[in-house]
Amino acid sequence: MIVVMRADASAEDVAGVVARLERQGLSAHVSEGEERTIIGVLGSPIDHAELGPALEAMGGVDRTVRVSKPYKLASRQFQPVNTIIDVRGVKIGGPEVVMIAGPCSVESQEQVLRIAEAVAAVGARLFRAGAYKPRTSPYAFRGHGEAALDMLVKVREQTGLPIVTEVMAPGDVGVVGQATDVFQIGARNMQNYPLLEEVGRTEIPVLLKRGPSATIEEWLLAAEYIMAQGNKQVMLCERGIRTFETATRNTFDINAVAFAKKETHLPVIGDPSHGTGVRSLVGPVGLGAIAAGADGLIVECHHDPDKSWSDAAQALGLDTFRELMAQSQAVSRAIGRTMAGAPVA
Ligand code: PEP
Ligand code: MN
């Protein structure tokens, strides 16, 4: 249920409703909009027939609305205005489209610095690279772990780019959180509920990838797990799903981008690298994601793409990446937005 306060409701009115809910063992999530405050009511059981009229009789309450969706805090019903996440001054979810770029894995200090400097020079606003890699085969390169986190900290120091890196285990949230500016939750971990709750107890923004076989509802409920712990800075990342199609590694679900923008207030990021798995398709599909409303892209690139230690087949070379920045700017402008930092073609 949500409680919509009147535009002239006082802080005492809001506090009164919160106290009334808490007395009943329910939790209240207050969202202060520009025009009015909305209070999300979570917990169970909620007896709508009884609680609704009781709350509506209280001072400052305009109305109560039953939230029909299973996800509440993530829902646009609960918060009509877009969430804008500020990562060291980079705003994600606002009018500007943002590019997150970097290699799949941290390979060496020189490699991450070289790629970070190149992508920063053409307007990428955040740097991505994996220190802990979820690999299908246990014999594949699984990341340099903590040593790679130190290399990422150096990248931020030298380029100013905030860092996005994956955390795979609840026990690593502390150490990864010391280094990163955004936690990436990988597709395979989308339903690792202890991990979701652990990052939910931090104040570090989270990029939540959609599981390869997750429905959109399951994905939004995964976001809800994080938000219910207090961390509301969640961005949703569509990275392709498993379908009957075998021509590409995954099938990028453009519907999910448009749907998530409509149903939630959270920023949505498109990942055309994992979404296609094919270098030549990354650009076209990424541009499609921007056209569908994505607030940003996360793209894998490398100075020597064929020699990438992981995901080589989808890595863009730096020249191709530069072209994608210019094209992303053109598509952003076509829909009344701009891409932060990208050259005008
Ligand atoms: C990655 O970003 O390199 C990655 C492993 O992504 P996903 O979890 O989407 O497969
Ligand atoms: Mn990858």
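We count ligands from 1, going down the list as the structure has it; atoms in each ligand are counted the same way. Numbering starts at 1 and runs along the sequence shown.
One hydrophobic cluster holds both Trp219 and Phe252 under the rule that ILVMFWY side chains link at heavy-atom gaps under 4.5 Å.
Near Ala187, meaning under 4.0 Å from one of its heavy atoms, ligand 1 places the atoms 7 (P), 8 (O), 9 (O). Interface of Arg239 with ligand 1, defined as ligand atoms under 4.0 Å from a residue heavy atom, comprises 7 (P), 9 (O), 10 (O).
The closest heavy-atom contact to atom 5 (C) of ligand 1, among the options Gly186, Pro103, Gly143, Pro134, comes from Pro134.
For Asp311, no nitrogen or oxygen atom sits less than 3.5 Å from a nitrogen or oxygen atom of ligand 1, counting backbone and side chain alike. Of the polar atoms of Glu166, none of the N or O atoms is found under 3.5 Å from an N or O of ligand 1, judged by distance alone. Considering backbone and side-chain N/O of His274, one or more are found under 3.5 Å from N/O of ligand 1.
Heavy-atom neighbours of Glu245 CD from other residues, nucleotides or ligands within 6.0 Å: above the threshold of 12. Heavy-atom neighbours of Arg20 CZ from other residues, nucleotides or ligands within 6.0 Å: above the threshold of 12.
Between Arg201 and Glu198 there is a salt bridge, with a side-chain nitrogen of the basic residue lying less than 4.0 Å from a carboxylate oxygen of the acidic one.
Residue Cys104 places a heavy atom under 4.0 Å from ligand 1.
The single protein non-hydrogen atom nearest to atom 2 (O) of ligand 1 is Arg128 NH1, 2.7 Å, given as residue, atom name and distance. In this structure, atom 6 (O) of ligand 1 lies nearest to the protein heavy atom Lys209 NZ, 3.0 Å.
Taking the six-membered ring for Trp and the full ring otherwise, Trp309 and His144 have centroids separated by under 6.0 Å.
For Gln79, the side-chain contact (heavy atoms from CB on, under 4.5 Å) partners are Ser31, Val81, Thr83, His265, not counting sequence neighbours. Shown here are the side-chain contact (heavy atoms from CB on, under 4.5 Å) partners of Glu218, two or more places apart in sequence or in another chain: Met190, Gln191, Ala214, Thr215.
Looking only at N/O/S atoms, Glu300 comes nearest to the Mn ion (ligand 2) through OE2.
The angle that Asp311 OD2 and His274 NE2 make at the Mn ion (ligand 2), rounded to 10°, works out to 90°.
Rounding to the nearest 0.5 Å places OG1 of Thr165 at 12.0 Å from CE of Met151.
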